[in-house]
Each structure stands twice: as C-alpha cells, then as structure tokens.
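Numbers here are sequence positions counted from 1.
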Amino acid sequence: MPGDTLEGIGRFTFETLSRVVRQHPEHTFHFLFDRPYDARYVFAANVIPHVLSPPARHPLLFVAWFEGAVAAWLRRHKPAVFLSTDGFTTLATSVPRVTVVHDLAFEHFPQDVSWLVRRYYHFFMPRFVRASARVIAVSEATKQDLMQTYGLAADRIRVVYNALGGNFAPQAAPEQAATRARFSQQQPYILFVGALQPRKNLVNLLRAFEAFKTHTGSATQLLIVGRQAWKAGPIFEVYQQMRHREAVRLTGRVSDAELVQLYAAARGCAYVPYFEGFGIPIVEAQASGCPVITSRVSSMPEVAGLEGALLVDPVDVADISNALEQLDTNPELRQRLIARGLENVQRFSWERSAEQLWSCLQEVIKK
C-alpha cells in the first residue's frame with residue numbers, strides 16, 4: 001500500500017483527502033501531481049488527476065511548478081479554492097488558497113537544510129502564508145509560531161491536528177514476544193520511529209543510550225526505524241564510535257503492519273527531536289500501549305498531553321539518559337504512562353481532522 005511509504009506531510013494528505021473526497025461525492029476534486037501517480041491515490045470517481053511538469057524536486061523547479069504550471073492550470077480551470085497540504089502554494093493566482101503548514105523548523109534551525117532550499121523557504125514561505133485566505137497549522141505550537149514569526153493574524157489560522165490509524169493498539173504477550181524474537185533477539189527494546197535527519201536528534205539519543213547502557217548494564221536494546229534522509233552523516237559517525245553499538249539496530253523503513261507490532265512490543269518509545277510541528281510517533285506509541293519519552297519543546301508536550309510522556313531537554317544527553325533509565329527500571333511508571341497515553345489519543349482522529357479541513361475549505365469558498 002502507498003501508506004507504507006508515507007511520513008508526516010504525506011500521511012496528513014493521504015488520510016484527510018481520502019476521507020474528504022469520499023464523504024463529498026457531490027463535489028469534483030482535481031488532484032495536481034508533478035509526476036506519474038499511483039492509481040491508489042485517486043481515491044474515488046469524483047477525483048480527476050492531472051500531471052503537470054516539471055517534476056518539482058529542486059528549489060528552481062519548485063518555482064517553475066508552482067508559479068508556472070500550477071498557476072497556469074488555475075487560470076485555465078478556475079476552481080473554487082486551491083488547497084496545498086505541503087506548505088507551498090502559488091503567488092501567481094487570484095484563486096483563494098488554503099495552505100497547510102506543518103512547521104517552521106527551517107526558520108529556527110536553518111543549518112539543517114541546504115543553502116538553496118533555505119533561500120527558497122525564506123523568500124517564499126512568508127509570502128505564501130500571507131497570500132493564503134486561510135492557513136492550517138497542525139498544532140497550536142505551529143499556529144503560535146506562524147503568528148510570532150510572520151505576524152499572521154490568529155483569525156486566519158485554523159488548527160487541524162494530525163492523527164493516527166486505527167490499527168495501532170496494544171497486543172497480547174505472545175504477539176509481543178514474537179516481535180521481540182524477530183527484531184531484538186527476544187530482548188526488551190526502546191523504539192525510535194522517524195526519518196534519519198538532523199532535527200530528529202538521533203545524535204543525542206544515541207549518546208544518551210550509550211550512557212544509559214554504560215551506567216545500568218541493562219539488556220535493553222535500541223531500535224531505530226526509518227529511512228536515511230538528509231545530512232545523516234553525523235548520526236552514523238556517533239553510531240560507529242559507540243561501545244554498545246551491538247545493542248543498536250537500524251532497521252530502515254518497515255511496513256505499516258510491522259510498525260504496529262514494533263510499537264506494541266516496545267518497552268518504550270524515545271522520540272526527542274529538538275523541533276517538531278506535531279510528532280505522529282508520539283500518538284502512535286501511546287495508542288499501542290507504549291510509554292513515551294519526548295521533548296519538552298515546540299509541539300511535543302501539547303501532543304503528548306498532560307502527564308502523557310516523560311519530557312526531556314533534547315539538548316541534554318544526561319536528561320535523556322536518565323529518562324531511559326527510569327522507563328527501563330520502573331514498571332509502575334511505565335503503567336502510569338501507558339494509561340495516560342491511551343486516554344490522550346482519544347483527542348485525535350483522522351475523521352475529525354478531515355471534517356475540520358473540509359469546514360475550512362467551505363469557509364473560504366463561502367467568503
């Protein structure tokens with residue numbers, strides 16, 4: 001399934017739009033692709049796909065695609081509204097725009113992206129959000145960031161949360177044991193889920209895990225699940241220098257079914273980015289009965305909920321290491337976090353998010 005390859009932005013797009021188009025067969029939806037598309041992304045008969053050139057995977061091609069091909073298509077077809085779910089839009093149109101912004105990480109950590117991408121973002125992003133009739137933020141933290149960084153008025157921003165699939169749930173002991181036998185030599189493990197890139201803070205997580213292993217001698221392992229993205233070199237440098245790297249397993253990307261099993265069998269989930277627009281792994285873990293360690297910055301406390309996770313300073317290796325030790329050695333703490341996490345995830349559903357997205361589109365159309 002396409003879902004097996006989706007991360008944050010793609011997941012939001014897939015889950016919300018698949019529901020919106022099926023719930024509103026009275027409307028026609030035009031999907032704009034920049035390359036040949038998987039037919040499974042054409043969710044219903046009321047979706048008309050279009051492939052516009054050039055494929056936009058470079059800042060100069062971003063400009064050509066949005067300001068050229070997309071703008072020309074909008075002039076020709078004149079839709080009621082143009083929705084973009086990836087933070088980009090076009091300035092060269094009078095069609096009202098709704099733009100989903102997931103985070104402004106590049107504003108706070110510009111060193112994490114290449115020079116040319118950074119120039120594109122810095123020039124276009126403030127213009128994109130100011131040109132949009134409504135901006136959708138995926139958390140209150142992102143809403144506040146848009147207001148403070150770009151001076152955007154609060155009444156032009158709507159918050160539509162990410163959510164999680166209904167397949168994430170606690171599993172019985174035999175199923176958990178089978179997962180550990182397959183992935184961790186039957187040992188307990190801490191799970192990280194996410195792309196290998198600087199913002200996910202894997203350098204500090206690896207250092208903290210090394211300190212935890214050295215201090216405790218625990219048999220607990222660390223499983224890192226996700227694709228290698230960009231600027232991942234320092235992650236592998238730290239990994240190669242670890243005394244306990246035999247206790248670390250980099251699985252690469254796994255299937256959705258395997259991910260469900262990995263969360264449910266984990267001793268805990270350690271997800272400690274130094275900036276995040278939402279942080280879907282937090283709620284996936286909570287729904288799976290997996291206690292969470294996450295960062296006390298940006299959106300992560302908001303998403304984890306009150307007392308729903310152990311909160312740490314992502315730049316403090318000792319703080320992360322101490323949380324790993326607490327989670328590993330304190331079963332009462334784990335049970336308390338599991339209970340609070342299962343309560344917290346009731347706040348999130350893709351059905352509710354799709355309804356809120358649709359309401360925002362209707363608001364703009366009627367205005």
Side-chain angles (χ1 to χ4, degrees), residues 1-3 5-103 117 120-121 123-138 158 160 162 277 350 353-354 356-367:
M1 274 296 293
T5 64
L6 297 177
E7 295 169 359
I9 294 174
R11 179 66 66 183
F12 180 93
T13 304
F14 181 91
E15 299 290 355
T16 56
L17 293 188
S18 62
R19 287 166 172 80
V20 163
V21 301
R22 288 171 179 143
Q23 290 165 1
H24 297 282
E26 72 279 12
H27 292 278
T28 300
F29 298 85
H30 295 265
F31 282 11
L32 307 184
F33 297 90
D34 71 337
R35 64 195 56 214
Y37 54 87
D38 189 312
R40 289 172 290 189
Y41 290 131
V42 181
F43 302 120
N46 57 333
V47 174
I48 301 174
H50 307 266
V51 177
L52 308 182
S53 293
R57 287 299 183 271
H58 182 279
L60 296 178
L61 296 176
F62 295 166
V63 177
W65 201 73
F66 280 102
E67 305 307 319
V70 171
W73 189 94
L74 293 173
R75 283 194 297 273
R76 189 162 60 251
H77 294 272
K78 298 180 174 60
V81 63
F82 175 53
L83 168 69
S84 179
T85 58
D86 61 3
F88 302 161
T89 189
T90 176
L91 302 176
T93 186
S94 59
V95 173
R97 284 143 286 179
V98 173
T99 305
V100 182
V101 175
H102 297 261
D103 64 69
V117 170
Y120 177 86
Y121 285 170
F123 181 84
F124 279 101
M125 288 296 286
R127 290 168 172 80
F128 286 160
V129 299
R130 291 167 189 152
S132 298
R134 290 291 182 272
V135 174
I136 290 173
V138 297
R158 301 291 179 268
V160 177
N162 280 290
W350 285 121
S353 297
Q356 292 168 338
L357 175 62
W358 178 249
S359 175
C360 183
L361 293 172
Q362 289 299 298
E363 181 184 343
V364 169
I365 291 169
K366 290 174 183 176
K367 183 178 179 180

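Note on ring orientation: taking the six-membered ring where Trp is involved, the planes of Y121 and F88 are tilted (angle from 30° to 60°). W73 and H77 have parallel rings, their planes meeting at less than 30° on a 0 to 90° scale where 60° marks the start of perpendicular. Using bins of under 30°, 30° to 60° and over 60° for the plane-to-plane angle, the ring pair H27/F29 lands in the perpendicular bin.
With a 4.5 Å cut-off on side-chain heavy atoms, L91 and F124 count as touching. Annotation: side chain of L83 is in contact with side chain of V100 (closest heavy-atom distance under 4.5 Å). In this structure the side chain of I136 never reaches within 4.5 angstrom of the side chain of T85, judged on heavy atoms. A heavy-atom distance below 4.5 Å is not found between the side chains of H24 and Q362. When side chains are defined from C-beta on, W350 counts as touching N162, because their heavy atoms get closer than 4.5 Å. Side-chain contact between V20 and F43 is absent, with no heavy atoms from C-beta onward closer than 4.5 Å. Side-chain contact check for F12 versus V160: some heavy-atom pair is nearer than 4.5 Å. L17 places a side-chain heavy atom less than 4.5 Å from the side chain of F31.
If you run side-chain hydrogen bond (donor to acceptor under 3.5 Å, both in side chains) between E67 and each of T90, T93, T89, only T90 comes through.
One finds the NE2 atom of H102 at 5.5 Å from the OG1 atom of T13 (value rounded to the nearest 0.5 Å).
Every residue two or more places apart in sequence or in another chain that forms a side-chain contact (heavy atoms from CB on, under 4.5 Å) with T28 is listed here: H30, I48.
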